[in-house]
Amino acid sequence: MNLPTVFTAWENNKLVGLARALDDGILTAYIHYVLVNPKYQGRGIASNLVKTIKNKYKDYLYIELMPDEKKNVSFYQKLGFNIVKEGTPMQLCNPETMKVKL
């Protein structure tokens, strides 16, 4: 099993951005998430993180992602991603796992 790849963006000693990708080792990489501190958004940090992922996986056939919010679709399209015409995002939610006892 491959370990996730994590890319980070820093300002001095402060973490301001984080992206995580998973891959199968040969064919497909999945962008799991791209996160940027709201105070630092609009500075190209997310774009640079995604470009770094695209560069790492440039020899893979697919780099896939599923934005959690539709408002982010145009951001990824600007970076070269396309909507899968015949695809449908699917999810299984296990709300019981969120009942953590502190």
Side-chain angles (χ1 to χ4, degrees):
M1 179 174 152
N2 291 332
L3 296 174
T5 300
V6 178
F7 299 97
T8 57
W10 297 82
E11 182 177 81
N12 299 318
N13 292 328
K14 182 176 184 176
L15 178 66
V16 297
L18 175 72
R20 182 173 185 245
L22 307 168
D23 68 84
D24 62 8
I26 192 166
L27 182 69
T28 305
Y30 303 91
I31 297 177
H32 187 221
Y33 53 74
V34 178
L35 306 169
V36 176
N37 181 317
K39 294 179 183 177
Y40 292 83
Q41 291 177 359
R43 300 184 188 184
I45 295 169
S47 296
N48 285 327
L49 289 169
V50 173
K51 288 175 186 174
T52 302
I53 290 171
K54 287 174 60 178
N55 186 56
K56 176 176 176 55
Y57 295 108
K58 66 182 180 283
D59 296 328
Y60 280 56
L61 183 60
Y62 299 108
I63 301 174
E64 298 185 348
L65 62 96
M66 187 177 78
D68 288 339
E69 299 177 355
K70 289 189 182 221
K71 69 179 184 176
N72 294 330
V73 170
S74 64
F75 166 77
Y76 290 106
Q77 287 176 316
K78 289 177 189 173
L79 295 171
F81 290 85
N82 298 304
I83 295 172
V84 178
K85 299 293 181 197
E86 298 298 321
T88 301
M90 299 179 76
Q91 180 182 65
L92 174 63
C93 181
N94 294 308
E96 293 298 316
T97 63
M98 296 306 297
K99 293 183 180 177
V100 179
K101 295 180 182 178
L102 300 176

Any side-chain heavy atom of [X] within less than 4.5 Å of one from [Y]?
X	Y	value
Ile63	Phe81	yes
Glu11	Lys39	no
Asp24	Tyr60	yes
Leu35	Arg20	no
Val84	Glu64	no

Is the count of non-hydrogen atoms from other residues, nucleotides or ligands lying under 6.0 Å from Ile26 atom CD1 greater than 12? no

Surrounding CG of Asn55 (heavy atoms of other residues, nucleotides or ligands, distance under 6.0 Å), is the total greater than 12? yes

Please check: side-chain N/O of Lys56 versus main-chain N/O of Ala21, any donor-acceptor pairing under 3.5 Å?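 Flag not set: sc Lys56 to bb Ala21 has no pair under 3.5 Å.
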
Rounded to the nearest 0.5 Å, what separation is found between the CD1 atom of Ile53 and the CG atom of Asn48? 11.5 Å

Atom pair CZ/CG of Arg43 and Asn37 - distance to nearest 0.5 Å: 9.0 Å

Per the side-chain contact (heavy atoms from CB on, under 4.5 Å) rule, which among Thr5, Thr28, Ile31 passes with Tyr57? Thr5

At their closest point, which heavy atom of [X] faces which heavy atom of [Y], and how far apart are they?
X	Y	value
Val34	Ala46	CG1-CB, 3.9 Å
Leu18	Leu49	N-CD1, 3.7 Å
Gly17	Ile45	CA-CG2, 4.3 Å
Val73	Pro67	CG2-CG, 4.3 Å

With a 4.5 Å cut-off on side-chain heavy-atom distances among I, L, V, M, F, W and Y, is there a chain of contacts connecting Val36 to Leu79? yes

hydrophobic_cluster_shared for Phe7 and Leu22, side chain cutoff 4.5 Å: no

